[in-house]
Amino acid sequence: MFAVLVNTFAIIIGALLGLCIRKGISEKLSGEVLKALGLCTLVIGIQGALKTSNILIIILSIGFGLLAGEVLKLEDKVNSGTDRLLKRFAKGGNSSKITEAFITSCLIMNVGAMVIVGSLEAGLRGDYSMLYTKSLLDFIAGIMMAAAMGAGVLGSALFTLLFQGAIVLCSSYLSPYLSNALIGELSATGCVLIIALGFNMTKIASFKVINYLPSLLLVPVFFKLLTYLGL
């Protein structure tokens, strides 16, 4: 768990530095930085999505995942929950922007093979090298995203602690079910969501990314189904 804690504090320190920088730049410049990050996010997402070995898994997972998200109205519920938290614990603030910063940073920092493989390596073999590398990357990403998007990025530290920590603690149970092929498809599908985030950040289009999150839960289902059918 030590490497997970390092990763968590790297995000917190990076985000706090980013917030300090944010105070010294104009809203116009902050918007331009956000667009630039959006372009980088698109590149990251496209590179990752192209690594899929079976495009049907992505299509089915995204399609049915979005349907579930829309039916459950996940984005509306998350935004209303954020509104209630802001009214209770903070004065002012834009809930949609805070939620966007939180979801964007969580996905960018926690979607990818490095997260799953690194956490499994830490839990099974005590090899923390991959998570230490990720900590450095997240530190830099935390600075940039907090400077452009605000305090919502800090929330990704807690998510990282819980998500990666759960994988590390449960690594001996998860390892038999997480083949390299499945990890690759989870990563590729997650990168499609990252592409959607990139479009949102650049203002090219507007996607309700939260409603797409169930897609990640459906990847193992369609992976097993298509493997069984030989597709």
Side-chain angles (χ1 to χ4, degrees), residues 2-25 29-51 96-119 121-122 128-168 183 186-204 207 209-210 212-213 216:
F2 180 74
V4 177
L5 293 174
V6 170
N7 199 167
T8 301
F9 282 111
I11 294 171
I12 293 173
I13 296 170
L16 290 175
L17 288 173
L19 290 175
C20 292
I21 295 172
R22 183 180 175 84
K23 292 179 181 179
I25 62 177
L29 179 56
S30 177
E32 291 303 314
V33 172
L34 181 60
K35 289 180 181 179
L37 282 176
L39 289 175
C40 296
T41 301
L42 282 170
V43 173
I44 293 169
I46 292 169
Q47 283 184 328
L50 289 175
K51 292 179 181 179
S96 62
K97 288 186 177 180
I98 290 175
T99 301
E100 182 182 9
F102 171 66
I103 296 298
T104 298
S105 56
C106 282
L107 283 173
I108 290 176
M109 293 178 182
N110 290 283
V111 166
M114 180 179 280
V115 178
I116 300 175
V117 175
S119 298
E121 289 288 315
Y128 304 141
S129 57
M130 194 174 293
L131 288 187
Y132 286 150
T133 301
K134 181 180 177 296
S135 297
L136 178 60
L137 295 174
D138 287 351
F139 171 72
I140 297 170
I143 295 175
M144 298 300 294
M145 285 192 287
M149 305 185 75
V153 175
L154 281 167
S156 62
L158 177 60
F159 181 83
T160 297
L161 176 64
L162 296 176
F163 180 62
Q164 289 184 190
I167 296 176
V168 171
I183 291 173
L186 281 167
S187 178
T189 304
C191 283
V192 174
L193 274 61
I194 288 176
I195 293 172
L197 289 172
F199 279 118
N200 287 353
M201 293 165 73
T202 54
K203 309 298 182 184
I204 296 174
F207 291 93
V209 178
I210 296 174
Y212 286 78
L213 292 178
L216 297 174

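Residue numbers run from 1 in the order of the sequence given.
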Is L131 close to V6 at the side-chain level, that is, under 4.5 Å between some pair of heavy atoms? no
So, do V43 and L39 sit near enough that their side-chain heavy atoms are less than 4.5 Å apart? no
Ignoring hydrogens, what is the shortest heavy-atom contact between S105 and S156? Give both atom names and the distance. OG-CB, 3.2 Å
Note: L154 and A15 closest approach over all heavy atoms is CD2-CB, 3.6 Å
With a 4.5 Å cut-off on side-chain heavy atoms, are I210 and T99 touching? yes
Shortest non-hydrogen contact from R22 to A148? NH1-O, 3.0 Å
Which pairs, with at least one residue in residues 140-150 and sequence neighbours excluded, count as a side-chain hydrogen bond (donor to acceptor under 3.5 Å, both in side chains)? none
d(M149 CE, I98 CD1) to nearest 0.5 Å is 11.5 Å
State, with a plain yes or no, whether a side-chain heavy atom of F207 is found less than 4.5 Å away from one of I195. no
What is the minimum heavy-atom distance between I13 and F139, and which atoms define it? CG2-CE1, 3.8 Å
For I167 and S119, work out which heavy atoms get closest and say how close. CG2-CB, 3.4 Å
With a 4.5 Å heavy-atom cut-off, do L107 and L213 have their side chains touching? yes
Can you tell which of T104, I108, T202 makes a side-chain contact (heavy atoms from CB on, under 4.5 Å) with T41? I108
Could you state the interatomic distance from CG (L34) to CE (M144), rounded to the nearest 0.5 Å? 10.5 Å
Say you draw a straight line from OG1 of T160 to CD1 of I11; how long is it, rounded to the nearest 0.5 Å? 3.5 Å
Can you find a heavy atom in the side chain of K23 that is under 4.5 Å from one in the side chain of L19? no
Which heavy atom of G45 sits nearest a heavy atom of C191, and at what distance? O-CB, 3.3 Å
Report the distance from atom CG of L197 to atom CD of E100, rounding to the nearest 0.5 Å. 8.0 Å
side-chain hydrogen bond (donor to acceptor under 3.5 Å, both in side chains) contacts in which one or both residues fall within residues 132-148, not counting sequence neighbours: N7-K134, N7-D138, K134-D138, K134-Q164
Straight-line distance of I143 CD1 to C20 SG, nearest 0.5 Å: 10.5 Å
